[in-house]
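Scroll down for the structure; my scribbles are underneath it.
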Amino acid sequence: MTATNMDDLVSLCKRRGFIFPSNDIYGGMKGLYDFGPMGVELKINLKNSWWKSIVYERDDVEGLDSTILTSPLVLQHSGHEDTFTDPLVDCKNCKARWREDQIVNNECPSCKSKDLTDPRPFNLMFKTAIGPVDDGSSFAYLRPETAQQIFVNFKNITDSTSRTPPFGIAQIGKAFRNEITPRNFIFRVREFEQMELEFFVKPGSDEDWHKYWLDKRLQWWSDQGVNSQKIKLLEVEKEELSHYSKATFDIMYEFPHGLEELEGVANRTDFDLGSHTKNQDDFKISSKVKENKDSTTKLVIQDLETKEWFIPFVIEPSAGVERGVLAILNEAYTVEEENNRTVLKLKSHLSPIKAAVIPLKRNNQDLVNLANKVKSELQSLGLGRVMIENSGNIGKNYRRHDEIGTPMCITVDFESLENQSVTVRDRDTMKQERISLSEINSYYSSYFKN
Ligand code: GAP
């Protein structure tokens, strides 16, 4: 049985050190979560898997790590100051605030009063003062998407790498949104991470590239263990599209709380590069962009055949790390009543701990020394975190490592001292086999490389 119940996931995440409410000892803060010892490893593994498939396994994508603090000019010209809003409704009776789409039958979901304000736009961007004087004259935004800094670095990157379309720029990092009603655990939060690719193409080839990236991204989610049966594609209705988009497909997943967006794959046209470009009239721009008197540069590229300068179109697959983690945990969570255990059947490349090395008796120094030696050798292979589990209760160790998704437990026992072999227990089959110490490194490496 896999998880469809959010409470089961929340409880496992807290119990086993994946995810905690942020600022917990002071009562927590809504819409903020911390990733604990297991959560941080899972997140790193998920981000590495994305980076590997988007940057390392291709030859047409460069990486970027830009600042979170963003000039208001960037977000003014990108359109976010004007349009990055949700419609906010206040309940005059209980003072609760809602997004308009959460109101059913014109009734406050909390107190059921019908005494509600008309919806008004609420900008989701967080602002912070820059410098020692907080008089409102100098401020920055915490970026609401990582994408804008990719666009404003377009010239730096093309100048320093000589890239021409088709090529992409990838970035993983924090984004911040002052969500009116954060909810559903880590699904809708105020601080989260995005994995974004801006892929620049020649106008006219954009629709083919859009399809290409949609297929790639669906395959990648499947490779992370997300069941394709629980994925649905939603083409966003024209009137629902973001201000920059010509067409967007949302990759929807059946989360425990319902079918919701896991990732968006948008055709952003030439809107962003066009909006950040000076002297826009010199170029053909298909989008309706506002005049830009602040930009110091032109975000254009030369067609090597025609020698004409043009503004590329952009295809953008944009995925949330937290939503990815939630989908992956939901898929992996398995209750095996027949075996009286809960087990996280994570893909091995995502498992927070790759192997637990367990000395059978915690106080036996020979066993502990040998276990430490095995741990160090496996750790040095660089495939992820290997840990020593020296609590002395093998049953509890197996239970814990089943619940955090450790693919193998390696037990060092008295026989190990005599014949230089260890017992390896497989998480999914629970089968145990004896492996010689001289073979354990290659056994371990080939397990994770396959
Ligand atoms: N650059 C395009 C962009 O930001 P988006 O659809 O607003 O598009 C992309 O966000 C992805 O970021 C979403 O598909 C989702 O996975 C994640 N995301 C957005 N808002 C989020 C929130 N409040 N909490 C968690 N993840 C969020």
Side-chain angles (χ1 to χ4, degrees), residues 19 22 29-33 35 43 46-47 50 64 66 68 70 74-75 78-80 83-86 99 101-102 122-126 141-152 168-199 210 213-214 217-218 220-221 224 226 231-236 240-253 255 257 259-269 271-273 275 314-330:
I19 302 169
S22 190
M29 279 178 88
K30 248 189 137 194
L32 298 177
Y33 287 92
F35 283 74
K43 241 182 162 191
L46 184 65
K47 290 187 283 183
W50 186 88
L64 176 72
S66 69
I68 286 167
T70 304
V74 171
L75 293 159
S78 69
H80 282 80
T83 55
F84 198 63
T85 58
D86 272 346
R99 262 190 9 213
D101 61 358
Q102 292 164 341
F122 172 76
N123 196 297
L124 300 181
M125 291 195 293
F126 284 101
Y141 289 111
L142 305 190
R143 65 185 179 200
E145 59 172 6
T146 73
Q148 288 309 318
Q149 294 284 9
I150 296 183
F151 299 128
V152 298
I169 304 176
Q171 173 157 237
I172 300 177
K174 291 269 186 179
F176 300 81
R177 296 183 188 179
N178 196 1
E179 297 285 354
I180 297 170
T181 41
R183 50 167 58 193
N184 295 320
F185 193 31
I186 54 170
F187 176 82
R188 188 178 303 286
V189 284
R190 292 185 167 132
E191 175 176 340
F192 56 99
E193 283 188 272
Q194 290 184 316
M195 306 180 282
E196 297 202 296
L197 168 67
E198 307 305 321
F199 197 79
H210 199 180
W213 276 110
L214 195 52
R217 298 302 305 144
L218 288 168
W220 185 80
W221 282 114
Q224 310 317 303
V226 176
I231 294 273
K232 300 229 163 23
L233 271 189
L234 176 90
E235 182 165 11
V236 179
E240 301 279 315
L241 286 171
S242 303
H243 60 280
Y244 49 72
S245 174
K246 165 175 155 183
T248 297
F249 288 94
D250 284 344
I251 300 178
M252 310 286 282
Y253 170 75
F255 286 97
H257 61 281
L259 186 70
E260 293 242 37
E261 179 185 337
L262 173 63
E263 167 164 355
V265 185
N267 181 344
R268 293 182 79 130
T269 70
F271 178 84
D272 299 276
L273 294 183
S275 299
V314 177
I315 305 301
E316 177 198 63
S318 171
V321 176
E322 282 71 7
R323 289 188 191 180
V325 166
L326 188 56
I328 283 161
L329 287 174
N330 187 47

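First listed ligand is number 1; within each ligand, the first listed atom is number 1.
For the side chain to side chain donor-acceptor pair (under 3.5 Å) criterion with S66, the lone passing option out of R143, Q149, Q148 is R143.
Side-chain atoms of E322 never come within 3.5 Å of backbone atoms of F192 as a donor-acceptor pair (strictly under, hydrogens ignored). Remark: side-chain polar atoms of S242 are not paired, donor with acceptor, to backbone N or O of Y244 under 3.5 angstrom. Remark: side-chain polar atoms of R190 are paired, donor with acceptor, to backbone N or O of E179 under 3.5 angstrom. With hydrogens and angles ignored, the 3.5 Å screen pairs no side-chain donor or acceptor of E193 with any backbone N or O of V321. Between the side chain of H80 and the main chain of N123, no donor-acceptor pair closer than 3.5 Å is present.
For atom 24 (N) of ligand 1, the nearest protein heavy atom (residue, atom name, distance) is V189 N, 3.0 Å. Closest to atom 25 (C) of ligand 1 among all protein heavy atoms lies F187 O, 3.1 Å. Scanning the protein for heavy atoms near atom 26 (N) of ligand 1, the closest one is R323 NE, 3.4 Å. Among protein heavy atoms, the minimum distance from atom 7 (O) of ligand 1 is reached at R177 NH1, 2.7 Å. The protein heavy atom nearest to atom 18 (N) of ligand 1 is F192 CE1, 3.5 Å. What sits closest to atom 6 (O) of ligand 1 on the protein, heavy atoms only, is E261 OE2, 3.1 Å. What sits closest to atom 11 (C) of ligand 1 on the protein, heavy atoms only, is S318 O, 3.6 Å.
Counting heavy atoms from C-beta outward, D272 and V314 have side chains that stay 4.5 Å or more apart. Contact of the F271 side chain with the H243 side chain is registered, since non-hydrogen atoms from C-beta on lie closer than 4.5 Å. Between V226 and I328 there is a side-chain heavy-atom pair separated by less than 4.5 Å.
Residue-ligand proximity, G264 to ligand 1, at heavy-atom distances under 4.0 Å covers atoms 14 (O). Atoms of ligand 1 found under 4.0 Å from any heavy atom of R268, numbered from 1 in the order shown, are 1 (N), 2 (C). Those atoms of ligand 1 with a heavy atom of E196 less than 4.0 angstrom away are 1 (N), 2 (C), 3 (C), 4 (O). Proximity to E179 (heavy-atom distance under 4.0 Å) selects the following atoms of ligand 1: 22 (C), 23 (N). Close contacts of ligand 1 with E145, meaning ligand atoms under 4.0 Å from a residue heavy atom, involve 1 (N), 2 (C), 3 (C), 4 (O). For ligand 1, the atoms lying closer than 4.0 Å to a non-hydrogen atom of E263 are 14 (O). The R188 neighbourhood of ligand 1 comprises atoms 23 (N), 24 (N), with distances under 4.0 Å to a heavy atom of that residue.
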Item to complete: Start with the C-alpha distance between R268 and E145, add both sets of side-chain angles, then the distance that settles salt bridge (charged side-chain N to carboxylate O under 4.0 Å, His left out), and finish with yes or no.
Response: CA-CA 14 Å; R268 293 182 79 130; E145 59 172 6; 3.1 Å; yes
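How far CD1 of I19 is from CG of L329: 6.0 Å, rounded to the nearest 0.5 Å. Rounding to the nearest 0.5 Å gives a distance of 4.0 Å between CH2 of W221 and CG of L262.
Within the 4.0 Å heavy-atom cutoff, Q148 does not count among the residues contacting ligand 1. Within the structure, ligand 1 has Y244 among the residues with a heavy atom less than 4.0 angstrom away.
Backbone and side-chain nitrogen or oxygen atoms of G320 are examined, and one is located within less than 3.5 angstrom of a nitrogen or oxygen of ligand 1. Polar contact with ligand 1: absent for I186 (N/O pair, distance under 3.5 Å). Note: an N/O pair closer than 3.5 Å links E316 and ligand 1 by distance alone. Between L262 and ligand 1, an N or O atom pair is found at a separation short of 3.5 Å. Considering backbone and side-chain N/O atoms, E198 never comes within less than 3.5 Å of an N/O atom of ligand 1.
In this structure, R177 fails the cation-pi test against F126, since its NZ or CZ atom is not both closer than 6.0 Å to the six-membered ring centre and inside 45 degrees of the ring normal.
Residue contacts with ligand 1, taken as heavy atom pairs separated by less than 4.0 Å, involve Q194 solely via side-chain atoms from C-beta onward.
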